[in-house]
Amino acid sequence: MARRTVADQFVEILLAAGVRRMYGVVGDSLNPVVDAVRRHDDIQWVHVRHEEAGAFAAGAEAQLTGRPAACAGSCGPGNVHLINGLYDAHRSMAPVIALAAQVPSTEIGTSYFQETTPCLYFRECSYYCATVSRPEQMPRVAQTAIQEAIGRDGVAVVVLPGDVADQQATATYLEHPYRLEQQPTARPSDAVLEELAEMVDRARRITLFCGRGVAEAHDDVVALAARLKAPIGFALRGKDWIAYDNPYEVGMSGLLGYGACYDAMHECDLLILLGTDFPYVQFMPSEPKVVQVDVRRERLGRRSKLDLGVWGDAGETVRALLPRVAEKSDSSFLDRMLRRHGELVGRLRTYAEEVSDHRPIHPEHVASTLDRFATDDAVFTVDTGMSTVWAARLINATGRRRLLGSFVHGSMANALPQAIGAQVAYPDRQVVALCGDGGFAMTMGDFLTLLQYDLPVKVVIFNNGSLGMVALEMLVAGYPPYQTGLKNPDFAAMARAAGVQGIRIEDPADVRPGLREALTTEGPVLVDVLTDPNALSMPPKIKGEQVRGFALAMTRLVLAGEADEVVNMARSNLRNLPRP
Ligand SMILES: Cc1ncc(C[n+]2csc(CCOP(=O)(O)OP(=O)(O)O)c2C)c(N)n1
Ligand SMILES: [Mg+2]
């Protein structure tokens with residue numbers, strides 16, 4: 001029988017934990033593990049062109065499947081490249097095991113070629129990082145890494161010198177099976193539930209604000225809203241789970257928010273935060289009483305004032321609360337918020353429709369066309385930048401669709417590699433990457449991964465020739481945009497040169513047929529849409545000083561002799577500027 005190496009043992013432990021893929025770039029110290037992957041049937045090596053893309057892809061896969069995924073980098077630079085993607089996975093609560101190969105164990109500590117100390121630099125983007133320096137350590141280190149990743153929802157790193165990986169596995173008696181399907185529930189105590197029920201019964205206008213914690217609790221939350229006549233708003237990470245089949249929906253809050261969510265949160269007298277770690281204190285109200293329900297106790301009260309912190313799973317809490325609270329009869333607050341929401345969202349949709357023949361092409365038209373043509377269970381990945389704004393506002397949730405972005409870490413260039421992970425995990429599902437031209441160019445090398453594996457991802461580039469979101473930030477802060485322009489190639493021609501179908505859309509009349517063609521074509525497609533660089537977006541509520549900043553930047557542009565720019569900007573943004 002062939003010798004069972006430490007690398008084999010590592011791969012078999014990953015397999016037992018449900019890992020089906022390892023994304024990475026092969027090389028030197030990593031080769032024993034790569035060879036072990038090659039020799040095992042149920043795990044696949046996915047060869048990316050940059051390790052960062054591998055980490056993003058693993059994070060996306062884990063977020064979609066709920067199972068752990070893995071990525072790997074060879075010693076030194078190979079695993080240093082993983083860092084940004086691991087930050088994203090860790091902060092998105094994605095269970096990812098990263099293998100950081102290490103220089104030969106006999107050379108550690110000698111400033112050897114490519115030597116680094118991975119546990120120093122992975123510390124902040126993982127719950128666990130340990131070096132295996134003897135074969136006997138492997139089963140426990142790998143298992144602990146997996147327990148940390150799936151138990152705490154984040155990244156765990158195993159550092160493995162190539163020579164140790166190649167040695168014979170010895171401590172096999174320490175390998176354990178995993179029960180991934182276990183889902184314990186966390187129900188708050190009766191005393192806390194009573195307190196919450198009393199607050200609810202006393203309140204007259206209640207708003208529910210949901211985050212990712214309401215995944216699996218859609219029907220319960222909607223039932224609670226029905227009983228309390230409460231509008232339901234959400235944070236971006238809650239959208240997939242609550243913004244469908246929901247007659248109480250009033251939109252989203254935050255920098256990219258839309259609809260009446262902000263108003264509903266500020267005009268209620270009791271705000272209930274359900275499973276959300278929504279980061280913007282500036283968008284939190286100070287008047288209403290605030291209850292926060294979260295299964296992570298350490299998160300209670302860290303973003304807003306708190307009148308009651310409820311330690312429990314959002315769904316469990318809502319289910320336990322429902323029979324304890326009286327049905328409300330007064331729906332005037334709910335009705336008012338729904339009416340306002342209807343008007344605001346109506347305006348957004350009408351706008352996207354009205355601009356359908358404008359030149360240059362308005363990005364909203366592109367996003368709403370994608371929303372219309374994409375399948376009901378499509379996975380959308382969206383780049384940090386304006387793509388996130390358009391997707392947040394215009395891509396509708398269906399309960400089966402998923403929207404992935406770098407919503408917590410906020411890294412650029414996430415959409416393409418996340419789409420790779422999504423498509424590898426779900427070969428038959430439609431995967432659409434909404435990329436910025438800046439974001440796409442940043443991880444452009446991994447466009448070739450679509451070619452390599454014939455992954456049918458539809459890459460749609462919002463080619464505005466600009467780091468658009470930063471141009472907006474500069475304007476709002478009172479700086480004239482500087483160094484935000486991008487000189488781009490014809491991305492569609494570039495795709496064709498690489499052997500992938502490329503569609504270039506410059507004329508608004510081509511948006512619908514072009515996107516329909518892309519979405520119905522088998523295999524990968526790149527759509528390069530030239531969009532309006534001046535299509536900026538304002539949060540639904542912005543402060544006086546931000547408006548003044550915008551005006552100031554305009555004035556500076558005029559003074560600098562760029563009046564045309566100001567006229568363009570104003571023309572493109574009349575829709576977004578808040579009116580008194
Ligand atoms: C890795 C990284 N670098 C820089 C930033 C800062 N940043 C945020 S959005 C953005 C511009 C994105 O430009 P593009 O991808 O073209 O999208 P657009 O906003 O134009 O749609 C930048 C530079 C970031 N978030 N991440
Ligand atoms: Mg851009």
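Note that the numbering runs from 1 along the sequence shown for the chain. Remember, it's 1-based here, ligands and their atoms both numbered in the order they're listed.
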Going by distance only, is there an N or O of [X] that falls short of 3.5 Å from an N or O of ligand 1?
X	value
Phe462	no
Ser466	yes
Met469	yes
Asp437	yes
Leu467	no
Gly385	no
Asn464	yes

Quiz item: In the protein, which heavy atom is nearest to atom 15 (O) of ligand 1, and how far is it?
Solution: Gly439 N, 2.7 Å
Exercise. For atom 25 (N) of ligand 1, grab the closest protein heavy atom and report residue, atom and distance to one decimal in Å.
Key: Gly410 O, 2.9 Å
Self-check item: More than 12 heavy atoms of other groups within 6.0 Å of Glu124 CD
Solution: no
Quiz item: Is the number of heavy atoms from other residues, nucleotides or ligands under 6.0 Å of Arg302 CZ greater than 12?
Solution: yes
Hey, looking at [atom], which of [options] has the closest heavy atom?
atom	options	value
atom 18 (P) of ligand 1	Gly438, Ala471, Gly468	Gly468
atom 4 (C) of ligand 1	Glu473, Met412, Gln483	Met412
atom 21 (O) of ligand 1	Glu52, Met386, Met442	Met386
atom 17 (O) of ligand 1	Pro533, Gly465, Gly436	Gly436

Any donor-acceptor pair under 3.5 Å from [X] side chain to [Y] backbone:
X	Y	answer
Ser29	Cys75	yes
Gln292	Gly301	yes
Arg393	Leu256	yes

Quiz item: Between the Mg ion (ligand 2) and Met386, is there an N, O or S atom separated by less than 2.8 Å?
Solution: no
Quiz item: Does any N, O or S atom of Ser466, backbone or side chain, fall under 2.8 Å from the Mg ion (ligand 2)?
Solution: yes
Between [X] and [Y], how do the two ring planes meet: parallel, tilted or perpendicular, split at 30° and 60°?
X	Y	answer
His341	Tyr258	tilted
His266	Tyr262	parallel
Tyr87	His409	parallel

Quiz item: Once rounded to 10 degrees, what value does the angle at the Mg ion (ligand 2) take between OD1 (Asp437) and OD1 (Asn464)?
Solution: 90°
Quiz prompt | ligand 1 atoms in contact with Val470 (distance to a heavy atom under 4.0 Å) | solution = 7 (N), 10 (C), 11 (C), 22 (C), 23 (C)
Self-check item: Pair Phe209 + Phe234: ring centers closer than 6.0 Å
Solution: no
Practice problem: Using the six-membered ring of Phe407, assess whether NZ or CZ of Arg237 lies under 6.0 Å from its centre and within 45 degrees of the ring axis. | Solution: no
Self-check item: Donor-acceptor side-chain pairing of Asp153 and Tyr127 below 3.5 angstrom
Solution: no
